[in-house]
Amino acid sequence: MWFDPGLKWLEATTFATEIRENEILFPWVESVHVLAIALVVGSISILDLRLLGLASLDRPVGKLTRDVLPCTWVAFAFAAVTGSLLFSAKAGGYAGNFFFRGKLILLVVAALNMALFHAFTTRDLDRWSANARPPMAAKVAGGISLALWIAIVAFGRWIGFTLH
Amino acid sequence: MISLDRFCLWLEQTSLSQVIQATSWIVPSVQTVHILALATLLASIFMINLRLLRVVARDQPLERVSARFLPVIWWALPVLLVTGAIMIIGEPARSLKNPLFQLKMALLLAALALTAFYQIGLSRSRDRYDLAKRGGGAALIALPSFALWIAIVFCGRWIAYY
């Protein structure tokens with residue numbers, strides 16, 4: 001495909017070669033990736049369950065977001081960096097993998113869902129922040145987010161079993 | 001350890017282990033549930049520890065943050081143990097005889113003991129860990145707890161490589 005030369009170049013870079021060939025480095029990067037993604041998914045699900053009106057009902061949505069989201073973003077940064085490093089080591093293999101492609105698409109959809117939620121649904125957050133039952137649009141965003149992140153973990157795990 | 005060897009050999013031969021080995025979707029599915037339960041537990045641990053260190057939710061009493069997240073830890077734990085057990089049954093020798101698995105279990109016991117110690121302490125004296133009122137106690141729980149759980153995650157990933 002058109003991006004094949006780019007993948008070959010990436011695989012040949014010093015750090016990609018090092019991660020691929022150093023027996024200790026790959027599992028270290030993977031460990032940080034697992035830790036980071038667990039924190040991303042775990043922290044986001046706290047917010048999703050709140051938006052669904054299922055948990056943390058004694059905490060306003062706005063305050064809970066400020067408690068949780070910084071942790072989510074820091075963890076996401078670690079997940080993205082380590083994920084990119086793992087990708088670079090076997091770029092060609094990952095790029096052709098169904099579950100890797102699916103995971104990227106799901107990540108984009110999750111980002112869109114989050115962007116739409118913050119752009120529109122939270123406009124009148126002050127009016128419903130403390131409500132145990134947020135408006136339907138917020139519930140839908142929370143439900144979609146929860147489902148997407150569960151799928152992202154599943155796809156991620158399946159990459160390891162289908163990568164050649 | 002001859003007995004552990006024999007136990008692993010026996011476990012490998014059980015029909016349950018055979019099914020897990022022969023059915024390609026079981027292990028990735030179980031691992032996915034394991035990671036999701038881990039995510040749930042870890043986020044709860046982080047919320048409590050970050051509150052102990054007064055990084056988040058400073059305006060919310062410690063016991064309310066704990067009341068929200070401590071039960072989650074104890075609900076996620078059996079899910080982790082069951083999915084972990086299924087992985088062990090599928091590949092007994094690779095897990096039970098693995099030094100990193102053994103280390104992981106030792107760290108897990110320590111982490112759970114620390115969590116229980118915190119929970120019991122909190123129920124006896126509510127402001128025991130409140131940094132605004134007393135120093136030290138909160139960090140003595142939160143920092144070892146962070147270290148133990150992060151080490152547990154790392155050991156888990158390394159089992160596959162050792």
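Remember, it's a predicted structure, so these values are computed and weren't measured experimentally. In what follows, chains carry the letters A, B, and so on, assigned in the order in which the sequence lines appear, proteins first and then strands, with residues in each chain numbered from 1. Computation of the quantities below employed the complete heavy-atom set of this structure, encompassing side-chain atoms and omitting hydrogens, waters and symmetry-equivalent molecules.
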**OP:** With rounding to the nearest 0.5 Å, note down the distance linking CD in B/Q60 to CG in A/L64.
**Re:** 8.0 Å
Subject >> Contact class of A/S56 relative to chain B, heavy atoms under 4.5 angstrom >> reply: both
**OP:** Please round to the nearest 0.5 Å and tell me the distance separating atom CZ of A/R59 and atom CZ of B/R68.
**Re:** 12.0 Å
**OP:** Before accepting this row, confirm whether a basic side-chain N of the pair A/R66/B/D59 lies closer than 4.0 Å to the acidic partner's carboxylate O.
**Re:** no
Original post:
Which atom names give the shortest non-hydrogen contact between A/I46 and B/F69, and what distance separates them?
Top reply: CD1-CE2, 3.5 Å
**OP:** Give, as side chain, backbone, both or neither, the part of A/A55 having an atom under 4.5 angstrom from any heavy atom of chain B.
**Re:** both
Original post:
Among residues 34-44 of chain A, which residues come closer than 4.5 Å to chain B, judged by heavy atom distances?
Top reply: A/V34, A/L35, A/A38, A/L39, A/V41, A/G42, A/S43
**OP:** Report yes or no: do A/F117 and A/L49 belong to one cluster of Ile/Leu/Val/Met/Phe/Trp/Tyr joined by side chain heavy-atom distances under 4.5 Å?
**Re:** no
**OP:** Find out if a path of hydrophobic residues (ILVMFWY) with successive side-chain heavy-atom gaps under 4.5 Å connects B/I159 to B/V33.
**Re:** no
Original post:
Between CD1 of B/I35 and CD1 of A/I150, what distance do you get to the nearest 0.5 Å?
Top reply: 13.0 Å
Original post:
Linking I/L/V/M/F/W/Y whenever any side-chain heavy atoms sit under 4.5 Å apart, do A/I105 and A/L116 land together?
Top reply: no
**OP:** Count the heavy atoms belonging to other residues, nucleotides or ligands that lie under 6.0 Å from CZ of A/F3, then report whether that count exceeds 12.
**Re:** yes
Original post:
Tell me, side chain or backbone of B/W149 under 4.5 Å from chain A's heavy atoms, or both, or neither?
Top reply: neither
Original post:
Atom OH of B/Y161 and atom CD of A/E23: how far apart are they, to the nearest 0.5 Å?
Top reply: 10.5 Å
**OP:** Kindly check if the number of other-residue, nucleotide or ligand heavy atoms within 6.0 Å of CH2 (B/W74) is above 12?
**Re:** yes
Original post:
At what distance, to the nearest 0.5 angstrom, does CH2 of A/W158 lie from OG1 of B/T32?
Top reply: 5.0 Å
Original post:
Under the ring pair (Phe, Tyr, Trp, His ring centres under 6.0 Å) criterion, do A/F161 and B/W25 qualify, and how do the steps go?
Top reply: CA-CA 9 Å; A/F161 287 85; B/W25 56 266; over 10 Å; no
Original post:
Side chains of A/W149 and B/L36: closer than 4.5 Å at any heavy-atom pair?
Top reply: no
Original post:
Which bit of B/F46 is near chain A, if near means a heavy-atom gap under 4.5 Å: side chain, backbone, both or neither?
Top reply: side chain
Original post:
Side chain, backbone, both or neither: which part of B/S29 has an atom under 4.5 Å from a heavy atom of chain A?
Top reply: both
Original post:
Near A/F26 CZ, under 6.0 Å, is it more than 12 heavy atoms from other residues, nucleotides or ligands?
Top reply: yes
**OP:** Measure B/V56 against the heavy atoms of chain A and call it side chain, backbone, both or neither at under 4.5 Å.
**Re:** both
Subject >> Single-linkage hydrophobic cluster B/L143~B/Y118, side-chain heavy atoms < 4.5 angstrom >> reply: yes
Original post:
Applying the 4.5 Å side-chain criterion to the ILVMFWY set and letting contacts propagate, would A/L148 and A/V108 be lumped into a single cluster?
Top reply: no
Subject >> Flag if over 12 foreign heavy atoms under 6.0 Å of CZ, A/F76 >> reply: no
